[in-house]
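Working notes, beginning with the structure itself.
The analysis underlying the following values was restricted to heavy atoms, covering all of them including side chains, and did not include hydrogens, waters or symmetry mates. Counting starts at 1 for both ligands and their atoms, in listed order.
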Amino acid sequence: MSRDDLSGYGYAVLGVAGASLAIALVGKIGHVSNISLLYLLVVLWLAAWVGRGPAILASVLAFLAYDLFFIQPLWRFTVDDPTEWLSLIALLVTSLVTGQLASAVRDRAREALLSQQRTATLYGVAQLIASATDQGSLFHDLTQRLLKVFAPSGVTGVAILLPGQGIYPTVRALAVGPGADAEQQALRLNSQSYAAEAAWALEHGETVGDTLTDTLRRSSTRPPEAPPGESLVYYIPLTSGQRIVGLLAITGNLAIRGLVSPPLSSAANGSGAAALFAACCDQVALAIDRATLQQQAIHAEALDESNQLKDVFLGSVTHDLRTPLASIKAAVTSLLGADVHWSESERREFLESIDESADRLNRLVGNLLDISRQEAGVATPEKDWYLIGDVIATVLERLELAGQLEGREAQVDISDDIPLAPMDHTQIEQVLTNLLENALKYSPADRPVRVTARLIAEPERELEVRVSDEGVGVPASELHAIFDKFYRVHDVRLPWASDRPPTGTGLGLAISDNIIRAHDGRLWAESTPGKGSTFIFRLPIPDETPQGALPDIVPETEEPATVAEEEEARHAER
Ligand code: ADP
């Protein structure tokens with residue numbers, strides 16, 4: 001019996017003594033009939049506030065005291081007048097019955113309160129689980145919440161452990177009460193002896209703690225018990241359906257035994273802290289199960305996506321590698337043929353075909369390297385201040401030199417108020433080259449391509465460059481998709497070159513988009529199918545544009561390096 005229970009009986013003795021004194025004092029002043037009812041008040045008070053046992057004791061004591069002190073002969077447990085027996089028995093029965101009724105009401109009120117607290121706690125935990133966005137914070141919040149709820153039951157630390165890669169489960173979240181050292185607690189839970197206990201609990205699905213289970217006691221792999229003087233640790237297996245999904249570890253003083261024993265299954269049917277704890281364990285198990293399923297779904301989705309990407313990549317690259325390789329192989333085989341004598345112009349034609357196919361291969365491999373470097377995050381722009389007019393001139397000059405303009409008209413319109421803008425010269429050149437090459441490729445030779453640049457002042461200071469053509473255009477439904485890797489508009493027919501469909505890899509716009517994004521800008525397309533397209537990009541211009549001279553180092557307008565040269569240079573750098 002606890003000290004609290006004992007003090008209840010003390011109150012019973014004191015209460016009856018007090019009531020007897022009051023009755024004696026009232027008796028001195030005059031006769032008050034049914035004054036013995038004062039005892040009933042004491043019994044009622046005890047039943048409602050202290051407990052059933054003290055109320056029964058007070059009823060019996062009241063019966064004896066009334067007989068002893070107030071019924072003739074006084075100071076003896078005998079009664080002269082037999083009618084007095086009636087009032088004495090009435091007193092005893094009334095106080096016993098009212099005491100029972102009052103304590104029943106008290107028990108029910110207490111149960112109602114407990115059940116209300118239990119519902120509120122479980123609702124809180126369920127809310128936490130429902131509103132969680134990621135696994136890490138969900139487990140962290142759950143341990144914090146459980147610690148708060150069960151701190152009054154002696155819990156000083158709560159941890160969630162999940163099956164790990166190795167043999168021991170790993171601590172995924174840990175909450176410790178004020179005054180406890182989280183790091184030390186984590187070390188303790190991760191220490192080998194404790195981890196062995198946890199592994200045992202996980203494997204056998206039984207609660208393990210300071211009082212080791214019988215099976216564990218018999219087992220040869222019995223883990224060591226908690227060192228004396230340390231707070232207790234219990235590992236409670238969390239089950240969802242038939243599966244053990246993880247463990248809940250609680251640390252605390254001796255009182256936490258009340259949470260885990262009686263066994264959780266029977267506690268679940270009862271009431272009080274143990275039942276609430278069992279219900280919370282079920283909730284945490286559900287949360288772990290849900291989080292694991294979510295994780296698996298995300299993983300499966302990512303795998304699926306990467307498989308799809310791989311298919312697209314292989315399909316696209318295989319075709320684009322094969323075509324030029326096949327042309328090179330055919331031309332070389334023809335040239336090497338000993339039985340045919342080729343004229344000078346035929347030989348030249350073969351060599352030109354080889355040259356063109358090698359260029360295509362070079363472009364494809366270059367594009368693949370560019371996109372993989374961008375995706376690996378190693379293609380960060382090296383910005384300096386440049387005039388966009390210079391970059392445009394460089395690109396047009398290079399296209400002219402390479403014969404890609406084929407005498408076509410390129411109209412350039414650059415407003416005078418454009419200041420220097422921060423950019424990676426080489427990368428912006430690459431974007432403009434891609435856009436201009438596309439404009440030339442997807443529009444007839446007799447139509448001009450246009451490049452305009454202007455300054456946007458509002459709402460942000462930006463540089464806007466537009467590259468337009470009067471070509472086949474892009475269907476509205478594909479205006480976004482063309483910026484995806486390997487995406488090409490299906491079945492593009494160029495009426496002016498009916499003999500062959502346009503070649504390409506579907507990488508140019510994706511690379512350009514990545515470059516513009518890396519400059520904190522944006523790139524998009526506007527188009528009217530059959531009438532033409534405009535590709536627009538904007539780059540931010542910060543307010544602190546440098547005054548004075550233009551930068552004197554503008555990258556040389558060399559021919560683009562071949563992939564082999566680039567690789568060589570990279571080797572040399574290493
Ligand atoms: P590609 O090597 O196929 O040209 P891009 O990434 O540069 O790859 O372009 C993706 C697709 O966008 C092209 O296949 C083409 O269908 C479409 N496209 C790009 N630019 C234009 C343009 N100026 N006019 C019409 N369609 C274009």
Using a plain distance cutoff, I'd like to know if V474 has any nitrogen or oxygen under 3.5 Å from a nitrogen or oxygen of ligand 1.
no

Answer yes or no: is there a donor N or O on one side and an acceptor on the other, between the side chain of N434 and the main chain of L509, under 3.5 Å?
no

Min side-chain heavy-atom separation L174-V158 under 4.5 Å:
no

So is K441 in contact with ligand 1, going by heavy-atom distances below 4.0 Å?
yes

Using a 4.0 Å heavy-atom cut-off, which part of V489 comes near ligand 1: side chain, backbone, both, or neither?
both

Judged by heavy atoms only, the candidate from D469, T534, L435 nearest atom 23 (N) of ligand 1 is D469

Numbering the atoms of ligand 1 from 1, which are under 4.0 Å from a heavy atom of L507?
6 (O), 8 (O)

Considering heavy atoms of the protein only, find what lies nearest to atom 3 (O) of ligand 1 and give residue, atom and distance to 0.1 Å.
R488 NE, 2.5 Å

Option passing side-chain hydrogen bond (donor to acceptor under 3.5 Å, both in side chains) with Q374 (candidates N514, D513, T380)
N514

Run the side-chain contact (heavy atoms from CB on, under 4.5 Å) check on L494 and Y442 step by step: do they pass?
CA-CA 7 Å; L494 304 181; Y442 296 103; 4.2 Å; yes

Those residues at least two apart in sequence (or on a different chain) that pass side-chain contact (heavy atoms from CB on, under 4.5 Å) with A453 are I388, I392, I414, I418, V465

Does a donor on one side chain sit under 3.5 Å from an acceptor on the other, for Q294 and Q296?
no

If we only count heavy atoms from C-beta on, is the E382 to H425 side-chain gap below 4.5 Å?
no

So which protein heavy atom does atom 12 (O) of ligand 1 come closest to, and at what separation?
I482 CG2, 3.3 Å

Starting from atom 1 (P) of ligand 1, locate the nearest protein heavy atom and write down its residue, its atom name and how far away it is, to 0.1 Å.
G506 N, 3.5 Å

Shortest reach to atom 22 (C) of ligand 1 by a heavy atom, considering only F486, Y442, F483, Y487
Y442

Counting heavy atoms only, which of T505, L509, V467, V492 is nearest atom 9 (O) of ligand 1?
L509

Can G471 be said to touch ligand 1, with heavy atoms closer than 4.0 Å?
no

Number the atoms of ligand 1 from 1 as they appear, then name those within less than 4.0 Å of a heavy atom of F535, with their elements.
19 (C), 20 (N), 21 (C), 22 (C), 23 (N)

Does V472 reach the side chain of V492, with side-chain heavy atoms less than 4.5 Å apart?
yes

Is the backbone N or O of K531 less than 3.5 Å from a side-chain atom of T528, with the two atoms forming a donor-acceptor pair by type?
no

re atom 19 (C) of ligand 1, the protein heavy-atom contact at minimum distance is N438 ND2, 3.5 Å

